[in-house]
Asks: 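What follows is a structure written as structure tokens; I'll ask about it next.
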Number of protein chains: 2
Amino acid sequence: MSRLAKTDADMVRAHNRLAVLDHLRRVEVTTRKAVSEATGLSVSAASAICGTLVRCGLLEEIEEDDRSIRRGRPGKNLVLCGRAGRVAALKIAVGEVSGRISDYAGRPLAETRQKVDLSGQSGETLVALLATLAGELVELAAQGSQEAPGKRLDKIVVAVQGKTHSDLSGIVWSPALKHRDIEIAAPLAARLSADVSVLNDCSLMPEAFRWRPDFTGLDFATLFVGFGVGMGLRINGATFQGKHSSAVEFGHINHLPGGALCRCGNRGCVEAYAGDYAIWRRATGGEEIPGHRIPDADMAALADAARAGDEAARAAFAEAGNAIGYGLGRVFTMIDPLPIVLTGSGAQAIDLLEPAIRRGIRESAVDGLGAETPLILREDTDALVFDAGTAFALAALDGEFARSAAEATEAA
Amino acid sequence: MSRLAKTDADMVRAHNRLAVLDHLRRVEVTTRKAVSEATGLSVSAASAICGTLVRCGLLEEIEEDDRSIRRGRPGKNLVLCGRAGRVAALKIAVGEVSGRISDYAGRPLAETRQKVDLSGQSGETLVALLATLAGELVELAAQGSQEAPGKRLDKIVVAVQGKTHSDLSGIVWSPALKHRDIEIAAPLAARLSADVSVLNDCSLMPEAFRWRPDFTGLDFATLFVGFGVGMGLRINGATFQGKHSSAVEFGHINHLPGGALCRCGNRGCVEAYAGDYAIWRRATGGEEIPGHRIPDADMAALADAARAGDEAARAAFAEAGNAIGYGLGRVFTMIDPLPIVLTGSGAQAIDLLEPAIRRGIRESAVDGLGAETPLILREDTDALVFDAGTAFALAALDGEFARSAAEATEAA
DNA sequence: AGACTTTTTCCAAGCCTCGGAAAAAATGGT
DNA sequence: ACCATTTTTTCCGAGGCTTGGAAAAAGTCT
């Protein structure tokens, strides 16, 4: 009925514990006093909460000879306890699955990658594949350190190229798979007895910067330009998740009515100009959509040709940049001019794209606002997705721990 | 530093009081028991809070012979107390200022409207004009009821055509005014000793539905099509406010690269096809932007001509619908397919626009998603803006009351 | 070794909300 | 007319969390 729910002491406790955990995510190491200052809690309350979290096993006190020449009683250093949990970020892409496992402190423990032809696979096979991948990661992590062998995962995030359900339960459609509507979260959770969330890779990306001090309070967009074109948005401090498609389908925002043919069946989408296949066909004079994915090496070669003066290649990249620029201009007009984090093969060809991108923004945004927006390059897309999935998982875990707060029953 | 702030008993109290007030905004009349059920608070807590709010003068108990044939002790009816405050919604448009004053219960007390040539006015004159307008409204309201004469306003919302500062302090630019960067909130607040917020009219519109049960939890867009084209968004239960321009500049989302000339100086904006002036020049074969605002009567006549079979007029409306449709398709691709509340002169010509709008959405959104989205007409734009401004003001007032909670010192 | 400084812990107090019991206010049956 | 029943409201003690100040702890400086 009512939109506003009540609040009580339990929620106060959970909220404040989460505030403490959130602070630790940002600073790595802190003291009770610093927690008090960062959160606004009284020193008594901050100290009490820290004490509880240490007893819960979420935090631990470490001896660290900071030895800054300060007088007075030195603060006890507190850090997140890696042993409190484990999360995995898995990634489903065309012809490949990969993943990273991290401990509760966010330290990566292991990564793995596996080429595999997914296209014809059923949902069960895919879930089995992911379960195996997760098992491998746990195995690899166990080799690294001898403690807590065979420990289960607490939370798994699956990042998928393509459209996912907004309830994080599975895949609606993916270019990596022939089948549609594949349920992932429930069956994978049952197999691994871990919480599973399935999200679109691009819309997840802003999570990678969740605790980065230089991005705190900043709204920005992540832009993937490669075989497809996708976007993630951080607005008002929250990562945007649509109700319907879960993602900002930037690549399918119409660029030119009745324009070039896109994989989605429509005409004139941004992707139909800026996707790898679009740049390729434009440079090679085709109009069809290539049946195969253009290898990264081929795209790199094409970029080099453009740099060497190949006119068709130059024009193809310029047209791609123009479509991206107009798309960004449209987004900026709607939302706000935003800094852009760029990744994918487009980041490698940024020298060819940037002038056209900025010109496109200038021509399409009111007062050309946003044409000078910062462009931050992150060439390693996989790392970005792993960072994002891990942050998403850890944030969710923090929330659960803050709520449940199982105080460890200590001996004597 | 940290993004998460602490919570304490004060915030719990404020939050729960706000939950009670929010419930009352939705139901008009309630009882302590019903409050408990709606908010999730225990009956004791709900009763205690209601008691306090009654003593604060925000709520009052009324005798109402509901006389439904129920046994048991009848609940005491509670309603918002109109005398607890007064808010005004003012509107600045091209050649006109208008306003409505309402009591704390949201009941309109008076409205006024005044044709005036604003274009060359300075900021001081504009503020003086608004102050006079507000004074008139207070006067009119005092005539209606004899109690509390000369009572001041608690909160004023100024809705403006054009771009406003995101801190709600004033106008960046408006088609109604020649001057730019006009400070409104501070000087008007000083004159009237009331809190003042300045917002874009279109982005404010979703607030009109804030407490409407049929819109609760629903994301939707409000679309104004008239002399300009603007949009308001309600996303994830919040009315979207950009950091930079405060508004979704839907009218200036690019429709066709290098297309028709727009008032903003760019080419190909949606407004350059769908604004009154754009439809007019297209129908009359011009390419220039008319120097004057096309009167509503002329637009109505043009629509009638189109209905009577005038080909140029039909084509002009169809082209406008197409641009709107592509614009919506682009928005839907980014955000989500959303129901649309349509207002402005475009609502009067919806029969001419709708087919082209839906075709445009179908051609530009992925899978044509959103082409069948509900289109809700609200022909009275002023009423919509007043509703929205009033709701915005009352919501802000509720928040302040819930926080401050000045318990009235009762005699004896 | 003693004075000083800074961090941490401890304790009583204040606010909320909660749950159950008691009171209040009306209806229905005998 | 009176008593049992039903439903709403109020009252009261308990529990939980934060607060502020005092006391304790753990170093540095002279």
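All of these numbers come straight from a predicted model, not from anything done at the bench. Numbers restart at 1 for each chain; the letters A, B, ... are given by sequence-line order, proteins then strands.
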Asks: Spell out protein contact along nucleotides 8-17 of chain D as letters: B when the base is contacted, S when just the sugar-phosphate is, - when no protein heavy atom is under 4.0 Å; keep the 5' to 3' order.
Replies: BSBB-----S
Asks: Evaluate the side-chain proximity of V43(A) to E37(A): yes if any heavy-atom separation is below 4.5 Å, no if none is.
Replies: no
Asks: May I have the distance from H15(B) (atom NE2) to dC15(C) (atom C1'), rounded to whole angstrom?
Replies: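 Computing the H15(B):NE2 to dC15(C):C1' distance gives 17 Å.
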Asks: Assess the residue pair T216(B) and R26(B) against the criterion (side-chain hydrogen bond (donor to acceptor under 3.5 Å, both in side chains)); give the C-alpha distance rounded to whole Å, side-chain angles, the decisive distance to 0.1 Å, and a yes or no.
Replies: CA-CA 10 Å; T216(B) 293; R26(B) 295 168 195 278; 3.1 Å; yes
Asks: With sequence neighbours excluded, what pairs up with R32(A) under the salt bridge (charged side-chain N to carboxylate O under 4.0 Å, His left out) test?
Replies: E61(A)
Asks: Provide the full list of salt bridge (charged side-chain N to carboxylate O under 4.0 Å, His left out) pairs with a residue in residues 39-53 of chain B, sequence neighbours left out, each pair given once.
Replies: none
Asks: Just how far is it from atom CZ of R86(B) to atom CD1 of I101(B), taken to the nearest 0.5 Å?
Replies: 5.0 Å
Asks: M11(B) CE to dT17(C) C1': how many Å, rounded?
Replies: 17 Å
Asks: dA4(D) C1' sits how many Å from R71(B) CZ, rounded?
Replies: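 Rounding to the nearest Å, CZ of R71(B) and C1' of dA4(D) are 9 Å apart.
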